[in-house]
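See structure below.
As a basis for the values below, the full set of heavy atoms in this structure was taken, side chains included, without hydrogen atoms, waters or symmetry mates.
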Amino acid sequence: MKLVLTRTYFPDGTNGKLECENKLICYTIELPWKMNETKVSCVPEGKYFIRKRYSAKHQWHLELIDVPNRKFILFHPANFAQKELQGCIAPVTKLSGPGLGLLSRKAFIKLKNLIYKALEKNESVEIRIQSYTV
């Protein structure tokens, strides 16, 4: 499975559109770009793989692997990047401002179910993160 996350950068946050085969899955919010600094920046653009992960805090969720100089980059619910994220990516149903979204848990469940289905069929799940260009 190949996903594409197309981002728009703002001083207060990063907004994205996550698609699979040109079909919208959900939108995303992240922290602003701050040179890939741990816990304060969104991740660099590039190609990554996604795997299942479990933690007491987030239960079953998703992790981006092999992000340069970073670890534990997760997909988990959040509606306000500056207050709820430390470098992770939050799926949201609707964008409401830079780094702000609505109905994150609903979007997260949709994304998680889609990716888990692919992983259960032993498919790899790749994501390409790129900038929005006109």
(request) Apply side chain to side chain contact (heavy atoms under 4.5 Å, CB included) to Leu74 and Leu64, showing your working. (result) CA-CA 6 Å; Leu74 313 177; Leu64 225 56; over 6 Å; no

Could you check whether any side-chain heavy atom of [X] comes within less than 4.5 Å of a side-chain heavy atom of [Y], counting everything from C-beta outward?
X      : Y      : result
Lys106 : Ser104 : no
Cys88  : Phe75  : no
Ile50  : Ile115 : yes
Arg70  : Thr38  : yes
Met35  : Ser41  : no

For [X], all residues meeting side chain to side chain contact (heavy atoms under 4.5 Å, CB included), sequence neighbours excluded:
X     : result
Thr6  : Val4, Gln130, Tyr132
Leu31 : Ala81, Gln82, Leu85
Arg51 : Glu63, Ile65

Check: [X] side chain, [Y] main-chain N or O, donor-acceptor pair, under 3.5 Å:
X     : Y      : result
Lys2  : Ile127 : no
Asn15 : Tyr27  : no
Asn36 : Pro68  : yes

(request) Please go through Phe80's hydrophobic cluster and name the other residues, only I, L, V, M, F, W, Y counting, with side-chain heavy atoms under 4.5 Å joining them. (result)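 Members besides Phe80, by chain and number: Leu100.
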
Quick one: salt bridge (charged side-chain N to carboxylate O under 4.0 Å, His left out) partners of [X], sequence neighbours excluded?
X      : value
Glu21  : none
Arg105 : none
Glu37  : none
Glu19  : Lys17

(message) Could you go through Lys110 and Cys26, starting from their C-alpha distance and side-chain angles, then the distance that decides it, and tell me whether this counts as side chain to side chain contact (heavy atoms under 4.5 Å, CB included)?
(response) CA-CA 8 Å; Lys110 178 181 177 182; Cys26 62; 5.5 Å; no

(message) Can you list everything that forms a side chain to side chain donor-acceptor pair (under 3.5 Å) with Ser124? Sequence neighbours excluded, please.
(response) none

(request) Compare every heavy atom of Val67 with every heavy atom of Pro44, then report the nearest pair and how far apart it is. (result) CD-CG1, 4.0 Å

(request) In plain terms, say whether Glu120 and Lys52 are close enough for a salt bridge, that is, a side-chain N and a carboxylate O under 4.0 Å apart. (result) yes

(request) Would you mind listing every salt bridge (Lys or Arg N to Asp or Glu O under 4.0 Å) that reaches into residues 23-36, with sequence neighbours excluded? (result) Arg7-Glu30

(request) Among residues two or more places apart or on two chains, list those pairs meeting salt bridge (Lys or Arg N to Asp or Glu O under 4.0 Å) that have a residue in residues 72-96. (result)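 Of all non-adjacent pairs touching residues 72-96, none passes salt bridge (Lys or Arg N to Asp or Glu O under 4.0 Å).
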
(message) My understanding is that only one of Leu103, Ile109, Leu111 makes a side-chain contact (heavy atoms from CB on, under 4.5 Å) with Pro91; could you say which?
(response) Leu111

Decide whether [X] and [Y] are clustered together by the hydrophobic rule: side chain heavy atoms of Ile, Leu, Val, Met, Phe, Trp, Tyr closer than 4.5 Å, transitively.
X     : Y      : result
Leu62 : Met1   : yes
Tyr9  : Ile89  : no
Ile29 : Phe108 : no
Val92 : Leu24  : yes

(message) Just checking Asn113: does its CG atom have more than 12 heavy atoms from other residues, nucleotides or ligands closer to it than 6.0 angstrom?
(response) yes

(request) Calculate, to the nearest 0.5 Å, the distance between atoms CG and NZ belonging to Asp66 and Lys71 respectively. (result)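 So the CG of Asp66 and the NZ of Lys71 are separated by 13.5 Å.
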
(request) Report the distance from atom CG of Leu18 to atom CD1 of Ile25, rounding to the nearest 0.5 Å. (result)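 The CD1 atom of Ile25 is 4.5 Å from CG of Leu18, to the nearest 0.5 Å.
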
(request) Could you list all the ring-ring contact (aromatic ring centres under 6.0 Å, His included) pairs where at least one residue sits in residues 30-72, not counting sequence neighbours? (result) Tyr54-Trp60, His58-His61, His58-His76

